[in-house]
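Quick caveat, the model's predicted, so the values are computed rather than measured.
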Amino acid sequence: MSTLDKRLGQRFLPYGANYLDWSDMSELRKVIEHQVLFRYQTETESMASLLERTVAERLGAGHALAVHNCTEALRLALISTGPAVGDPVYIPAVTFVAVAGAVLSCGLIPVLVDADDSLSMDPTLLPPDAQRVITAHMEGTVAPLPADVPYLIEDCAQSLGARFPDGRYVGTAGYAGTFSFHHNKVLTSGEGGLVLTDDDGAWATMRRYHDHGSARVPGRYPTWDEDAHFGENFVTSEQVAAVQCQQFRHLDELLAGLERMYAIAMAELPARSDLEVRPRAAGDVKVSLRFRCESRELRDAAVAALTAAGIANWTLGKYLLPEHPVLTGRRSLYRDGFPWNHAPQGPLALSRDGFARTRDLLDRTLCLPLSPELPEAEQALAAKAVRQVLEAV
């Protein structure tokens, strides 16, 4: 039975997860044999340090810091800017709620910025004095970046390996870039995160804050520097870093597999004017085919048909933050409503039409994941199966 036959009718196994194999886990084996899983207790270069060095060199960043997840990475980037409680942070209206959660947990106020036709943040809506902006490269798409923002943070959770037209990797064009190794991401360790920056001072601040507020000397108890400040424990573990190192070895292979299947699928698509596939830029990570249907009814019919055929698919309405209760109700676990009690009254949103156009686009959008691990012949069979279902809808 082929890999594709096994996959049909079952859950989609995302991207990097397909490259996890016991026979290929030399980094994890080394960590286990060393019997030290705490990164700051090793006598030589830790696996976490090796991961950070590998990623920084590969993506062209000055510094990398590994943490537990991308939410922590976003928090570190925000905290390192030296904000005041209640400062606004402009975030995409279409993204995962973790972005808003990271902002709020830092005592800052998220301001939603509407999307452009690609469903990325529309930078033309930003005020000229915006100090802190988080832009998200969603679904492998390289988003447009605003100019002249002192603290531009790129959320690259869904776009590891994507490139700007000038060749730079996403996550390296602004003040900081954040990445995720969640199960559903390009590469995975179950959970995991990274933050990149070229700013030496920002990296030093993030490194201190992620380990209780002081710069630890490897192999020693965290002594307190004279300039110590409070912090938290975001320190990653050696076994997690080992899995991430293994995943990074397969990044080129994975990206090439996505490119190959994208080309195959584009050649197989049904010629329907009411079911438009959204073209991807050369630098995008081709994690999925994104369709824009003529109506929500057609989108829902396509979802039902694909699901019945055992073909994985998803929609994007879950990313519409203007409808999330955390933002609509200004929800908080603090009795005084912190940090919402520091927010101004009235809408915290920038949109020309109250997000009506974005809602419509999301209602008509359908995504189908691509499978980099499949041999070319099976990728072609998978593309033909998608075409047959969509032709009949």
- prompt: Looking at side-chain heavy atoms only, is the closest gap between T135 and D155 below 4.5 Å?
  reply: no

- request: Could you tell me whether R331 atom CZ has more than 12 heavy atoms of other residues or ligands within 6.0 Å of it?
  value: no

query: Side-chain donor-acceptor pair under 3.5 Å between T124 and R352, yes or no?
result: yes

- request: Tell me whether F181 is reachable from M138 by hopping between hydrophobic residues (I, L, V, M, F, W, Y) whose side-chain heavy atoms are closer than 4.5 Å.
  value: yes

Contacts under 3.5 angstrom, residues 28-36 side chains, donor-acceptor by atom type, not counting sequence neighbours:
unit_1	atom_1	unit_2	atom_2	d
R29	NH2	W22	O	3.1
H34	NE2	E43	OE1	3.2

Report, one line per pair, each donor and acceptor closer than 3.5 Å where one atom sits in a side chain of residues 85-99; sequence neighbours left out.
unit_1	atom_1	unit_2	atom_2	d
D87	OD2	A84	N	2.9
D87	OD2	R132	NH1	3.4

query: Per the salt bridge (Lys or Arg N to Asp or Glu O under 4.0 Å) rule, which among D114, D117, D122, D116 passes with R357?
result: D117

task: Look at the side chain of T81 and the backbone N and O of L78, then say whether any donor-acceptor pair between them is shorter than 3.5 Å.
output: yes

Donor on one side chain, acceptor on other, T42 and T44, under 3.5 Å: no

field: Heavy-atom side-chain proximity of L251 to R58 below 4.5 angstrom
entry: yes

query: Quick one: do M25 and L254 end up in the same hydrophobic cluster if we chain Ile, Leu, Val, Met, Phe, Trp and Tyr together by side-chain heavy atoms under 4.5 Å apart?
result: no

- prompt: Quick one: does S237's side chain have a donor or acceptor within less than 3.5 Å of a partner on Q239's backbone?
  reply: no

Inter-residue atom distance H342.NE2 - L108.CG, 0.5 Å rounding: 10.5 Å

message: If the threshold is 4.0 Å, N to carboxylate O, is there a salt bridge linking E276 and R292?
response: no

Side-chain touch E139/C367, heavy atoms, less than 4.5 angstrom: yes

query: Do the side chain of R163 and the main chain of V142 share a donor and acceptor less than 3.5 angstrom apart?
result: no

- prompt: Is the shortest heavy-atom distance from the side chain of L104 to the side chain of P110 under 4.5 Å?
  reply: yes

message: If you count every heavy atom of other residues, nucleotides or ligands that lies below 6.0 Å from D353 atom CG, does the total exceed 12?
response: yes

message: What's the separation between atom CZ in R290 and atom CZ in R278, rounded to the nearest 0.5 Å?
response: 8.5 Å

message: Any heavy-atom pair between the side chains of L59 and L196 that's under 4.5 Å?
response: yes

task: Answer yes or no: are there more than 12 heavy-atom neighbours, outside E391 itself, under 6.0 Å from its atom CD?
output: yes

query: Is any side-chain heavy atom of H137 closer than 4.5 Å to a side-chain heavy atom of L145?
result: yes

- prompt: Do S371 and Y15 get their side chains close enough for a donor-acceptor pair, meaning under 3.5 Å?
  reply: no

statement: To the nearest 0.5 Å, atom CZ of F248 lies from atom OG of S189 at 11.0 Å

query: Rounded to the nearest 0.5 Å, how far does OG1 of T141 lie from CG of D284?
result: 4.5 Å

- prompt: Do any N or O atoms from the side chain of Q158 and from the backbone of K185 form a donor-acceptor pair under 3.5 angstrom?
  reply: no

- request: Determine whether L65 and F179 fall in the same hydrophobic cluster, where Ile, Leu, Val, Met, Phe, Trp and Tyr are linked whenever their side-chain heavy atoms lie under 4.5 Å apart.
  value: no

- prompt: Between the side chain of T188 and the main-chain N/O of G16, is any donor-acceptor distance below 3.5 Å?
  reply: no

field: Salt-bridge present (R359, E323; N to O < 4.0 Å)
entry: yes

field: Any donor-acceptor pair under 3.5 Å from S332 side chain to F338 backbone
entry: yes

query: Side chains of H63 and D200: do they bring a donor and an acceptor to under 3.5 Å?
result: yes

message: Applying a strict under-4.5 Å side-chain criterion to I, L, V, M, F, W and Y, I'd like to know whether L316 and I311 cluster together.
response: yes

statement: Between the CG atom in L370 and the CD atom in E259, the distance rounded to the nearest 0.5 Å is 10.0 Å

- prompt: Going through the checks in order, is the ring-ring contact (aromatic ring centres under 6.0 Å, His included) test met by Y19 and H250?
  reply: CA-CA 7 Å; Y19 298 86; H250 292 279; 5.3 Å; yes

message: For a 4.5 angstrom cut-off between non-hydrogen side-chain atoms, does R75 reach F234?
response: yes

- prompt: With a 4.5 Å heavy-atom cut-off, do L348 and R330 have their side chains touching?
  reply: yes

field: Side-chain donor or acceptor of E238 paired with backbone N/O of L37 under 3.5 Å
entry: no

message: One thing to verify: whether E294 and R272 come together as a salt bridge, which I'm taking to mean a side-chain N less than 4.0 angstrom from a carboxylate O.
response: no

query: With sequence neighbours excluded, what pairs up with R364 under the side chain to side chain donor-acceptor pair (under 3.5 Å) test?
result: D360

query: Between N69 and G193, is there a donor-acceptor pair closer than 3.5 Å when you use the side chain of the first and the backbone of the second?
result: no

- prompt: Only one of T328, L112, V113 forms a side chain to side chain contact (heavy atoms under 4.5 Å, CB included) with L321, so which one is it?
  reply: L112

message: Determine whether a donor-acceptor pair (N or O, by modelled atom type, separation under 3.5 Å) exists between the side chain of R249 and the backbone of D24.
response: yes

field: Main-chain N/O of T365 paired to R299 side chain as donor or acceptor, under 3.5 Å
entry: yes

